[in-house]
Amino acid sequence: MRVLVTGGAGYVGSHTCLALLRGGHEVIVVDDLRNASIEALKRVQRLAGRALTFHQFDMRDGERLDKVFAEGPIDCAIHFAALKAVGESVEKPLEYYENNLLSTLTLCRSMLRFGVSRLIFSSSATVYAPLSPMPVDEDAPLGCANPYGWTKLMCEQILRDVAHANPSFSCVLLRYFNPIGADSSGEIGEDPNGVPNNLMPFITQVALEKFKQLQVYGDDYDTLDGTGVRDYIHVSDLARGHLAAMDYAMGHTGCVAINLGTGRGYSVLDIIQAFESVNGVQVPYVIGPRRPGDMAIVYANTQRARELLGWETELNIEDMCRDAWRWQKRNPAGYGDK
Ligand code: UFG
């Protein structure tokens, strides 16, 4: 298939491009490289031994996007391009709403104009209302704690409405849990800007001794060891999930939300321990206060992904820790060109 991948140079995007190329698909990436590196795409092509097509522009530029659609028939679009830092979204809500909503609207307009009807959307478990019972399934109440989350939820609603109004449209909303790890080559991985917000990139940078220690955000949650529990999923498993969703979209119309997680929760201390033992490195930490907005426990009900996509995860927490560290150790400055 000819697949348009928006935000294809980012963390999940680049791993998905690699899986697509390895699966024999033709890949067209649109990315403005605001928060990503062209080096990621160079490495993806080297690893796959195949070329992709790259266009650098902001997804809100409808004219440029139309030209990409005009170059040849697109069978499916996978929409990753978005701003994604939770804290930043609280400080700059307008930027988040403008960017994430307008890019989705622009993509839908071009798709409809060119008769492209299959769309895979990069959503997030953050759309579930706080206090949802765990494991959370796709029919749980929705609601967000920050503007980033609301942009994902609003985009989901836009896509539901577009699918409703266009009966040939097929849309899969993939709700990711906590993607970590890297391709097993150690060539591509997560390359956050500045001080990492998320647990695994912070751990790998503590292991590199870029930071003295990790701060564990609270040990007084109602969990086995008191620290927060999340459903960590290997980014390569997640990437495969997009190919399964594409296959599903080929045979179905309408709009469906699907969780992509493992269905298992690990605490912050579990992750530190697994990382230390699998990699033989120390991750010094201190217990700090809770981070505002954090939930105690989040993990997925994975039944719908199994039933509709025939997809489940294959890689375990040791694989995730090993691959995250291999990437970071080999690339201490990430892609190094930002
Ligand atoms: N944590 C720490 N110290 C850190 C960073 C994180 O203890 O330095 C803890 C958090 O408190 C939490 C766990 O590690 O218990 C995971 O935190 P992350 O920041 O890695 O991930 P979150 O679950 O907070 O958020 C992630 C994505 C969001 C997405 C959400 C969906 O970052 O974009 O999952 O559930 F919306």
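Model, not experiment: these values are computed from the prediction. Read the numbers this way: they start at 1 and go in the same order the structure lists the ligands and their atoms. Heavy-atom basis, side chains included; hydrogens, waters and symmetry copies ignored.
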With heavy atoms under 4.0 Å as the rule, classify the contact between N198 and ligand 1 as side chain, backbone, both or neither.
both
Just how far is it from atom OG of S236 to atom CE of M320, taken to the nearest 0.5 Å?
10.5 Å
Ligand 1 contacted by V298 (non-hydrogen, < 4.0 Å)
no
Geometric class of the H15/Y11 ring pair [parallel <30°, tilted 30-60°, perpendicular >60°]
perpendicular
Relative to ligand 1, is L214 under 4.0 angstrom through side chain, backbone, both or neither, heavy atoms considered?
side chain
Shortest non-hydrogen contact from Y148 to S124?
OH-CB, 3.9 Å
Is ligand 1 under 4.0 Å from a heavy atom in the side chain of L199, in the backbone, in both, or in neither?
both
Do me a favour and list the nearest non-hydrogen protein atom to atom 11 (O) of ligand 1 with residue, atom name and distance?
D294 OD2, 2.6 Å
Specify the protein heavy atom at minimum distance from atom 30 (C) of ligand 1: its residue, its atom name, and the distance to 0.1 Å.
S124 OG, 4.1 Å
Which residue and non-hydrogen atom of the protein lie closest to atom 2 (C) of ligand 1, and at what distance in Å?
Y217 CD1, 3.3 Å
Carboxylate-amine/guanidinium proximity below 4.0 Å for D139 and R304:
yes
of all protein heavy atoms, closest to atom 23 (O) of ligand 1 is R230 NE, 2.7 Å
With a 6.0 Å cut-off on ring centres, are Y176 and H242 close enough?
yes
Short version for Y232: what comes under 4.0 Å of ligand 1, heavy atoms counted, is side chain
Give the residue and atom name of whichever protein heavy atom lies nearest to atom 15 (O) of ligand 1, and the separation in Å to one decimal.
G228 CA, 3.6 Å
Output field: ring centroids W327/Y335 closer than 6.0 Å:
yes
R230 to F177, cation-pi by 6.0 Å centre distance and 45° axis angle:
no
Could you see which bit of N178 sits under 4.0 Å from ligand 1, with heavy atoms only: side chain, backbone, both or neither?
side chain
Can you pull out the closest protein heavy atom to atom 19 (O) of ligand 1? Residue, atom name and distance to 0.1 Å, please.
R291 NH2, 2.8 Å
Mind checking whether M200 contacts ligand 1 via backbone (N, CA, C, O), side chain (CB onward), both or neither, at a 4.0 Å heavy-atom cut-off?
neither
